[in-house]
Chemist: 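Just dropping this structure here.
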Amino acid sequence: MQIVSVSFLLFAALLLIAYYLIPRKGQWLLLLAASYLFYLWAGVEYLAFILFTTLTTYGATMLMDRNLRKQAGFLAENKESLTREQRKSYKAGVKKTNRVFLVLCLVMNFTILGLCKACLVDPLRTAAGSGTFSFLTLGLPLGISFYMFQSMGYVVDVYRETAKAERNPLKIALFVSFFPQLVQGPISKFGQLAPQLYAPHPFDGRQVSFGLQRMLWGYFKKLVIADRIAAAVIALRAPEYTGVSFLVLTVFYAVQIYGDFTGGIDVTVGLAQALGITMPENFIRPYFSKNIAEYWRRWHISLGEWMKDYIFYPISVSQPMLKLSKSARKKLGNFGKRLPVYVASVATWFVTGIWHGLTPNFVVWGMLNCFVIVVSEELSPLYERFHNRFHLKEKRWYGGFEILRMFLLMNLIRACDLFPHVGNYFVRLGSLFTTFNFHILWDGTLMKLGLTGLDYGILAGGCALMLAVSLVQEKKGNVRELLQGSTALRYCLIFLLLVIVLLMGSYGIGYNASSFIYTGF
């Protein structure tokens, strides 16, 4: 059952009705049942994966919690008799034991995630196809990257004592499996999401309406924009499309992945809002960013925060990095002081790359992002002097130039997603400097990509609408809030958007609206 299918809409409608009719104390149990039904619909064979993560998450946190409660009791009983060093030594022993549980849980789960991702890559994929290892044809279980990162973040937080362990295994099962976020996130923290999942929620017509409106907006971006332009993106990956054609590909792919990913997140967050649950925002108009670092603070925010909290910070403040900083500072000055941050950045972007996929292109993609961010950071004093010398920040046009520069640079880096063989990507990138075939923009080449003139018209209008809404959000805030004062206008716009989705959504024979790009990650 895919979130853009009719069956999902019926499923969501029945859930919403039942959710607000049953006693509020049972709402979280209904969400648990709905989440497992949703997961089973994707395939019974995947159930073992999510159950394994749930059981190991619960088991590890319960063992750590038991040790922490035992520690608290022991220290309270012996408060007067223990010296400071004895208390410190006892706590260190408990921490060491809990670290064993933490590491075992992380290793078991991330090993499974790695194996599942490896099944998508040759030679394992070829072996599965030939029947040698038929079990590998399972591929990537639904949502495994998202629910596993979310669950392991919770385990780490319990170890750090920044989150209290939940003792009810069914509540942990709901936190792991909450179905709206299974397809493509966002990745939530336990303290942020769990209390909302378990709390009773009275019916709030305003929140339900806002949630459904956001879902409709997500369907517009996914079905009218992303799935329509997908045909051209696929066609432009053919080897004959080089030079300016590659630049067109990068722009088209930027439109597709934005409509696809943000559209899916809008459906997810909107449905959660209709259920009375506030999920973290995953996007804040990333194409308005003025540099790559800002872009990643606006795009896939929950993944970036996970990487920062559980990869970047632990590495950058670790004892080896502190020693490196101290020794490098003597030899390299201020650069040596920043070196641990850059080492942590490389490690973080490497992990981010392989999270997206185990093929070399995703590692290269991660390193390209890291390279641009690190170089920009090193050159920031030079940039600042240049800006001050020519008073560029005071010029209105310069902000637009920075946005356009970031958009083009990010598009060129992101296009690496599309070429598993990295050599093909660099050949296409190099063709921008050798093949100046601007004529493809008007000689009819674009009409051979699987799109008609009407399709291009719909895409242009849809992109203009997305841009207009984003501009309003950037300047004025939430569009739904702004429309609250005009009931007639609000319902006219909702009806118009519904008609557009129904009439202009990209449907067809063999159409599979489920193919969200991030499902493959």
Chemist: Without swapping roles, check the side chain of Ser318 against the backbone of Ile315 for a donor-acceptor pair under 3.5 Å.
Modeler: yes
Chemist: Would you please indicate yes or no on a ring centroid separation below 6.0 angstrom for Phe175 and Phe190?
Modeler: yes
Chemist: Hey, are the side chains of Leu182 and Phe178 touching, using non-hydrogen atoms and a 4.5 Å cut-off?
Modeler: no
Chemist: How are the rings of Tyr287 and Tyr258 set to each other: parallel, tilted or perpendicular (split at 30° and 60°)?
Modeler: tilted
Chemist: Other residues, nucleotides and ligands only: do more than 12 of their heavy atoms fall within 6.0 Å of CZ on Arg84?
Modeler: no
Chemist: Would you check if Gln71 and Arg87 make a side-chain contact, meaning some heavy-atom pair closer than 4.5 Å?
Modeler: no
Chemist: Taking the side chain as everything from C-beta on, heavy atoms only, tell me whether Tyr310 gets closer than 4.5 Å to Asp157.
Modeler: yes
Chemist: Would you find a donor on one side and an acceptor on the other, under 3.5 Å apart, between the side chain of Gln196 and the backbone of Thr278?
Modeler: yes
Chemist: Please confirm whether the ring centroid of Tyr154 lies under 6.0 Å from the ring centroid of Tyr159.
Modeler: no
Chemist: Please identify each residue that fulfils side-chain contact (heavy atoms from CB on, under 4.5 Å) with Gln27, with sequence neighbours left out.
Modeler: Tyr19, Tyr20, Ile22, Arg24, Pro200, His201
Chemist: Looking only at side chains, do Tyr58 and Asn168 share a donor and an acceptor under 3.5 Å apart?
Modeler: no
Chemist: If I take atom CG from residue Leu271 and atom CG from residue Leu9, how far apart are they, to the nearest 0.5 angstrom?
Modeler: 10.0 Å
Chemist: Among residues at least two apart in sequence or on other chains, which ones pass salt bridge (Lys or Arg N to Asp or Glu O under 4.0 Å) with Arg338?
Modeler: Glu378
Chemist: Under a 3.5 Å cutoff, is there a donor and acceptor pairing between the side chains of Asn67 and Thr97?
Modeler: no
Chemist: Okay, side chain of Asn411, backbone of Phe407: is any donor-acceptor separation there less than 3.5 Å?
Modeler: yes
Chemist: Flag the pair Val267 / Val4 as yes when at least one side-chain heavy-atom distance between them is below 4.5 Å, and no otherwise.
Modeler: no
Chemist: Check whether Thr162 reaches the backbone of Val158 with its side chain - one donor and one acceptor, N or O, closer than 3.5 Å.
Modeler: no
Chemist: Would you mind reporting whether Val94 and Met64 have side-chain heavy atoms less than 4.5 Å apart?
Modeler: no
Chemist: Just to verify, what does Phe283 make a ring-ring contact (aromatic ring centres under 6.0 Å, His included) with, not counting sequence neighbours?
Modeler: Phe261, Trp299
Chemist: Quick check: does any side chain N or O of Ser289 sit under 3.5 Å from a backbone N or O of Pro286, one acting as donor and the other as acceptor?
Modeler: yes
Chemist: Could you pull out all residues at least two apart from Tyr90 that satisfy ring-ring contact (aromatic ring centres under 6.0 Å, His included)?
Modeler: Phe74
Chemist: Checking the side chain of His300 only, and the main-chain atoms of Trp296 only, is there a donor and an acceptor separated by less than 3.5 Å?
Modeler: no
Chemist: Side chain to side chain contact (heavy atoms under 4.5 Å, CB included) for Thr54 and Ser177? Distances and angles first, verdict last.
Modeler: CA-CA 8 Å; Thr54 302; Ser177 66; 5.8 Å; no
Chemist: Determine, stepwise, if the pair Asn291 / Ser376 fulfils side chain to side chain donor-acceptor pair (under 3.5 Å).
Modeler: CA-CA 9 Å; Asn291 54 64; Ser376 297; over 6 Å; no
Chemist: Is Thr268 reaching over with its side chain to a backbone N or O of Gly264, donor-acceptor style, under 3.5 angstrom?
Modeler: yes
Chemist: Go through the structure and list residues passing side-chain contact (heavy atoms from CB on, under 4.5 Å) with Ser316, not counting sequence neighbours.
Modeler: Phe312, Tyr313, Ala344
Chemist: So, the side chain of Trp306 versus the backbone of Phe149: is there a donor-acceptor pair under 3.5 Å, distance only?
Modeler: yes
Chemist: About how many Å separate CD of Gln192 and CD1 of Ile187, when rounded to the nearest 0.5 Å?
Modeler: 12.0 Å
Chemist: Do Ile494 and Leu498 come within less than 4.5 Å of each other through their side chains, counting heavy atoms only?
Modeler: no
Chemist: Can a salt bridge be assigned to the pair Glu281 and Arg214 using a cut-off of 4.0 Å between side-chain N and carboxylate O?
Modeler: yes
Chemist: Using a 6.0 Å cut-off, check whether atom OH of Tyr198 has over 12 heavy atoms from anything other than its own residue.
Modeler: yes
Chemist: Once you round to the nearest 0.5 Å, how far does OG1 of Thr348 lie from CE of Met307?
Modeler: 8.0 Å
Chemist: Flag the pair Ser209 / Gln213 as yes when at least one side-chain heavy-atom distance between them is below 4.5 Å, and no otherwise.
Modeler: yes
Chemist: Mind checking what makes side-chain contact (heavy atoms from CB on, under 4.5 Å) contact with Ile144, not counting sequence neighbours?
Modeler: Phe49, Ile112, Leu113, Cys116, Leu140, Pro141, Tyr147, Met148
Chemist: If we ignore angles and hydrogens, is there a donor and acceptor under 3.5 Å between the side chains of Ser325 and Lys337?
Modeler: no
Chemist: I'd like to check the ring-ring contact (aromatic ring centres under 6.0 Å, His included) partners of Trp217; sequence neighbours left out, ordered by chain and number.
Modeler: Phe220
Chemist: Could you walk me through whether Glu474 and Arg285 pass side chain to side chain contact (heavy atoms under 4.5 Å, CB included), step by step?
Modeler: CA-CA 8 Å; Glu474 193 79 358; Arg285 298 167 291 284; 2.4 Å; yes
Chemist: Name all residues meeting the side-chain contact (heavy atoms from CB on, under 4.5 Å) criterion together with Lys25; count only those two or more places apart in sequence or in a different chain, and write none if there are none.
Modeler: none
Chemist: Just wondering, do Leu339 and Met321 contact through their side chains at under 4.5 Å, heavy atoms?
Modeler: no
Chemist: Which pairs, with at least one residue in residues 55-69 and sequence neighbours excluded, count as a salt bridge (Lys or Arg N to Asp or Glu O under 4.0 Å)?
Modeler: Asp65-Arg69, Asp65-Arg167
Chemist: Which pairs with one or both residues in residues 347-373 pass salt bridge (Lys or Arg N to Asp or Glu O under 4.0 Å), sequence neighbours excluded?
Modeler: none
Chemist: Quick one: CG on Asp204 to CG on Leu275, what's the gap to the nearest 0.5 Å?
Modeler: 12.5 Å
Chemist: Would you mind listing every salt bridge (Lys or Arg N to Asp or Glu O under 4.0 Å) that reaches into residues 177-186, with sequence neighbours excluded?
Modeler: none
Chemist: Restricting to pairs with a member in residues 301-325, which pass salt bridge (Lys or Arg N to Asp or Glu O under 4.0 Å), not counting sequence neighbours?
Modeler: Lys189-Asp309
Chemist: Taking ring pair (Phe, Tyr, Trp, His ring centres under 6.0 Å) as the criterion, tell me which of Trp349, Phe362, Phe146 meets it with Trp355.
Modeler: Phe146
Chemist: Output the distance between atom CZ (Phe179) and atom CG (Leu142), rounded to the nearest 0.5 Å.
Modeler: 12.0 Å
Chemist: Spell out, as yes or no, whether a donor-acceptor pair under 3.5 Å connects the side chain of Asn282 to the backbone of Ser302.
Modeler: yes
Chemist: Between the side chain of Gln86 and the main-chain N/O of Thr83, is any donor-acceptor distance below 3.5 Å?
Modeler: yes
